[in-house]
Q: 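After the structure tokens below, expect a handful of questions from me.
The chain is numbered in sequence order, starting from 1.
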Amino acid sequence: MLKLLFVRHPRFAVTSFCAILLFFWSRLGGRPNEASGQLRKLSAGWKSWGIAEGGLVDVVWRLKKSEVVYQRMVREREKLIQKFGPTRDDVLPWPKNREFYTLWDFFTPAFNCPYEVERIGALADGGKWVCGLSKIAKKKGCVVYSFGVDDESSFEASILDRTEGCRVWGYDGSVNDFGPEVRNISFLRSRAKFKPWTLAGKDDKSHKPPLHTLPTLMKMNGHTFIDILKIDIEGGEFSALRSAITHFTSQRKTFPVGQLQIQIHAETKPHVTDDDERKTFKEFLEWWEMLEGVGLRAFSFEPNLVFVNINLGTRPALAEYSFINIKADSEILH
């Protein structure tokens, strides 16, 4: 209707539009207190959605709201344990009697990244969900550690391509270099370092390949903080993170990682008893609570369906999680 009016009677339409603007301008101009009151209401509305004046995200507000939601989820987790346990000693990670849950239902990504969440790297296997890369990209001296490179380095290549100040330190004892996405592009490779070493829960230089803990590698590289930590080490993540967290907490230090992208391998060995599987759930829960204790909050979850498709009939025991650390002084908390 409006479009038709402008086409058939353009002068009348423009004159009417100007008259309407003049009317509202005079109303607001004659009542400054009313106008400022409306602006105050609008500003209050912004703040209720976590938006500061000027349209900037109020990160502190969003983090506080997310933590409230996350702690509510933790309480719901305890209820779920009581329902299917009734204690954490009694829960099977992969139920056999048609109960409607799996291990992953106890560990939902209830936290919200205060900035954009974007998949970095391949859409298929290899890509990871990252919080606020636009913020990290502005940081000078950004540090990225990648454990478990294999021959697919789309994640590392995208990080290097999308940022100017980030450098990547890659480690994988099963290959000799990054995948072709980094290896074959000189301007990316120049900002990436690689060692055929394996992340582990203890140091052992005599092992083939050499084993190193996270604190040891950080000391060797002269780093005190890691902006992005990616781990995909085929089950070694449990001992490696337990060792690293114990190291820093024993010294009363904050876990120096801004965010963590990790593939978790929760397979159980074949022919284990139900008692063994219940022990697996309890140990996994304690490991997860250790991550939460140092400030890690899951904001993304993705079951590895490629693994299920290749191994038809198997349990969905591999999952990708992404965490931000609410206790670390990282770019995405400002």
Side-chain angles (χ1 to χ4, degrees), residues 70 73-111 125 128 147-148 173-174 198-202 211 213-214 229-247 249 255 257 260-323:
Y70 194 88
M73 181 277 298
V74 171
R75 294 191 293 272
E76 290 299 319
R77 178 198 300 160
E78 290 301 320
K79 293 179 182 178
L80 197 63
I81 290 173
Q82 292 173 13
K83 179 178 180 180
F84 292 112
T87 72
R88 59 180 58 194
D89 294 303
D90 305 313
V91 178
L92 286 170
W94 311 107
K96 301 175 182 179
N97 298 319
R98 297 182 62 84
E99 289 98 340
F100 291 94
Y101 75 90
T102 69
L103 172 69
W104 308 124
D105 292 307
F106 294 86
F107 308 100
T108 57
F111 206 85
D125 190 53
K128 310 292 179 184
F147 295 100
S174 67
T198 298
L199 179 67
K202 63 179 181 179
L211 307 178
T213 64
L214 184 63
L229 171 61
K230 188 210 88 172
I231 298 177
D232 183 358
I233 54 175
E234 309 305 319
E237 62 271 13
F238 298 104
S239 60
L241 281 174
R242 186 180 294 109
S243 171
I245 290 174
T246 300
H247 171 86
T249 56
F255 186 55
V257 172
L260 168 67
Q261 282 70 33
I262 183 172
Q263 179 163 266
I264 299 177
H265 304 75
E267 307 104 316
T268 54
K269 296 179 181 179
H271 310 300
V272 298
T273 66
D274 285 355
D275 286 342
D276 289 330
E277 291 211 351
R278 291 187 183 96
K279 183 179 179 182
T280 297
F281 176 84
K282 183 181 179 182
E283 290 177 348
F284 187 95
L285 176 59
E286 291 173 348
W287 178 80
W288 184 277
E289 290 175 335
M290 177 190 65
L291 302 187
E292 292 175 328
V294 295
L296 291 171
R297 299 289 185 268
F299 67 86
S300 176
F301 163 76
E302 181 180 284
N304 189 325
L305 299 181
V306 173
F307 171 76
V308 175
N309 187 55
I310 293 174
N311 303 279
L312 294 177
T314 190
R315 295 165 173 169
L318 273 61
E320 304 274 357
Y321 275 94
S322 293
F323 300 78

Q: Flag the pair Val257 / Phe323 as yes when at least one side-chain heavy-atom distance between them is below 4.5 Å, and no otherwise.
A: no
Q: Could you tell me the separation between the NZ atom of Lys282 and the CG atom of Asp89, rounded to the nearest 0.5 Å?
A: 4.0 Å
Q: Any chance NZ of Lys79 has more than 12 other-residue heavy atoms, nucleotides or ligands included, within less than 6.0 Å?
A: no
Q: Test side chain to side chain contact (heavy atoms under 4.5 Å, CB included) on His265 and Asp232; report intermediate values, then the result.
A: CA-CA 9 Å; His265 304 75; Asp232 183 358; 3.3 Å; yes
Q: Do Phe255 and Leu291 have side chains that approach each other closer than 4.5 Å (heavy atoms only, starting at C-beta)?
A: no
Q: Answer whether the closest heavy-atom distance between the side chains of Trp94 and Thr102 falls below 4.5 Å.
A: yes
Q: Applying side chain to side chain donor-acceptor pair (under 3.5 Å) as the test, list every pair that has at least one member in residues 291-304; sequence neighbours left out.
A: Glu67-Arg297, Tyr70-Glu292, Arg77-Glu292, Arg119-Glu302, Trp129-Glu302, Gln263-Asn304, Trp288-Glu292
Q: Looking only at non-hydrogen atoms, find the nearest pair between Phe301 and Ala319 and report the distance.
A: CE1-CB, 3.5 Å
Q: Which residues pass the salt bridge (Lys or Arg N to Asp or Glu O under 4.0 Å) test with Glu237, not counting sequence neighbours?
A: none
Q: Hey, what do you get for CZ (Phe100) to CG (Asp105), rounding to the nearest 0.5 Å?
A: 12.0 Å
Q: So, the side chain of Asn311 versus the backbone of Phe307: is there a donor-acceptor pair under 3.5 Å, distance only?
A: yes
Q: Contact between Thr273 and Arg278 at the side-chain level, heavy atoms closer than 4.5 Å - yes or no?
A: no
Q: Which label fits Tyr101 and Phe106: parallel for a plane angle under 30°, tilted from 30 to 60°, or perpendicular past 60°?
A: perpendicular
Q: Find the distance between NZ (Lys128) and CD1 (Ile231) and round it off to the nearest 0.5 Å.
A: 10.5 Å
Q: Of the non-hydrogen atoms in Ala200 and Leu211, which two are nearest, and what is the gap between them?
A: CB-CB, 3.8 Å
Q: Roughly how far, to the nearest 0.5 Å, is the CG atom of Asp274 from the CG atom of Asp90?
A: 11.5 Å
Q: Side-chain contact test, heavy atoms from C-beta onward, threshold under 4.5 Å: evaluate it for Ile81 versus Leu285 and give yes or no.
A: yes
Q: Should Arg315 and Glu267 count as an ion pair when the cut-off is N to O under 4.0 Å?
A: no
Q: Show every donor-acceptor pair shorter than 3.5 Å between a side-chain atom in residues 238-246 and any protein atom, with sequence neighbours excluded, or say none if there are none.
A:
from: Ser239; atom 1: OG; to: Gly236; atom 2: O; distance (Å): 3.4
from: Ser243; atom 1: OG; to: Gly201; atom 2: O; distance (Å): 2.9
from: Thr246; atom 1: OG1; to: Arg242; atom 2: O; distance (Å): 2.7

Q: Please examine the side chains of Thr249 and Met290, heavy atoms only from C-beta on, and report whether any two atoms are closer than 4.5 Å.
A: no
Q: For Ile264 and Phe107, what are the C-alpha separation, side-chain angles and deciding distance, and is it a side chain to side chain contact (heavy atoms under 4.5 Å, CB included)?
A: CA-CA 12 Å; Ile264 299 177; Phe107 308 100; over 6 Å; no
Q: If you compare all heavy atoms of Pro93 against all heavy atoms of Phe281, which two are closest, and at what distance to 0.1 Å?
A: CD-CB, 4.0 Å
Q: To the nearest 0.5 Å, what is the distance between CD on Glu76 and CE on Met73?
A: 10.0 Å
Q: Between the side chains of Arg75 and Glu78, is the shortest nitrogen-to-carboxylate-oxygen separation below 4.0 Å, so that they form an ion pair?
A: no
Q: Taking all atoms of both residues into account, what is the closest heavy-atom pair of Ala266 and Leu103, and its distance?
A: CB-CD2, 3.6 Å
Q: Run the side chain to side chain contact (heavy atoms under 4.5 Å, CB included) test on Tyr321 and Leu296 for me, step by step, so that the C-alpha distance in whole Å, both residues' side-chain angles and the decisive distance to 0.1 Å come before the verdict.
A: CA-CA 11 Å; Tyr321 275 94; Leu296 291 171; over 6 Å; no
Q: Is Asp276 salt-bridged to Lys279, cutoff N-O under 4.0 Å?
A: no
Q: Nearest 0.5 Å, what's the CG-CG distance between Asp125 and Leu305?
A: 11.0 Å
